[in-house]
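This report concerns only the one structure given below.
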Amino acid sequence: MKIGYARVSTQEQNLSLQLDALQTAECTTIYQEKVTTTKKERPELQKLMGQLRAGDVVVVWKLDRLGRSLKELVSLVNEMQGKGAEFQSLNDHIDTTTPQGKFTFHLFAALAEFERDIIRERTKAGLAAARARGRKGGRPKGLSKEAQHTAIIVEKLYQEGKLTVKQICKQLSISRGTFYNYLRHRGVELSSPRNA
């Protein structure tokens with residue numbers, strides 16, 4: 001079964017061009033969504049991936065409609081193929097049901113791996129150069145002056161016992177993890193968990 005996936009980034013954009021192309025390609029089902037590329041959650045894509053079966057072919061109008069990066073694209077197509085499904089991009093002439101399409105996609109996967117290796121090597125080289133100059137990589141140890149001040153307030157509010165952990169976090173606009181980090185930094189003994 002051919003399954004289409006169409007996506008635009010804003011509510012103002014129109015899906016009709018993609019939908020027409022997917023219908024012409026004889027997709028029996030088309031998942032569509034309007035979601036920006038900065039959002040990780042794509043419920044329609046997740047639904048599509050959850051319902052894929054062996055023998056299905058996922059069809060998109062262009063590669064960038066499915067993956068927001070080469071790495072993500074390769075990961076999604078590998079997941080499809082792991083379920084026995086194939087992938088087709090109409091505008092990019094990629095079709096993993098054919099030997100040529102499989103070859104093209106393997107080139108993409110190799111490029112994504114190459115890109116990851118280059119980033120890894122650059123990171124290692126940068127850290128080595130920094131160490132050679134006497135610097136260490138990663139986050140600096142300890143808390144900033146502002147964070148130290150907030151940690152003192154967290155400690156006082158916690159020891160007063162008038163507010164719950166949730167209320168303290170909300171009042172100071174910090175996460176629960178940061179709350180406990182601040183208490184550990186101040187050397188506060190944590191009693192039994194206080195109500196959320």
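The first residue in the sequence is number 1, and the count goes up from there.
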Task: Contacts of type salt bridge (charged side-chain N to carboxylate O under 4.0 Å, His left out), residue Lys71, not counting sequence neighbours - done: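 Partners of Lys71 by the salt bridge (charged side-chain N to carboxylate O under 4.0 Å, His left out) criterion come out as none, since no residue qualifies.
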My understanding is that only residues two or more places apart in sequence, or in another chain, count here; which of them pass side chain to side chain donor-acceptor pair (under 3.5 Å) with [X]?
| X | answer |
| --- | --- |
| Tyr182 | none |
| Gln171 | none |
| Asn91 | none |
| Ser16 | Asn14 |

Task: Of all pairs that satisfy side-chain hydrogen bond (donor to acceptor under 3.5 Å, both in side chains), the ones with a partner from residues 73-85, not counting sequence neighbours - done: Gln81-Glu86
Check side chain to side chain contact (heavy atoms under 4.5 Å, CB included) between [X] and all other residues, then give those that pass, not counting sequence neighbours.
| X | value |
| --- | --- |
| Ser144 | Glu146, Ala147 |
| His185 | Leu143, Gln148 |
| Glu72 | Arg42, Arg68, Ser69, Leu76 |
| Gln46 | none |

TODO: Check ring-ring contact (aromatic ring centres under 6.0 Å, His included) between Tyr31 and all other residues, then give those that pass, not counting sequence neighbours.
DONE: none
Open item on the list: Who clusters with Leu107? Use side-chain heavy atoms, under 4.5 angstrom, across I, L, V, M, F, W and Y, and order the result by chain and number.
Closed with: Phe103
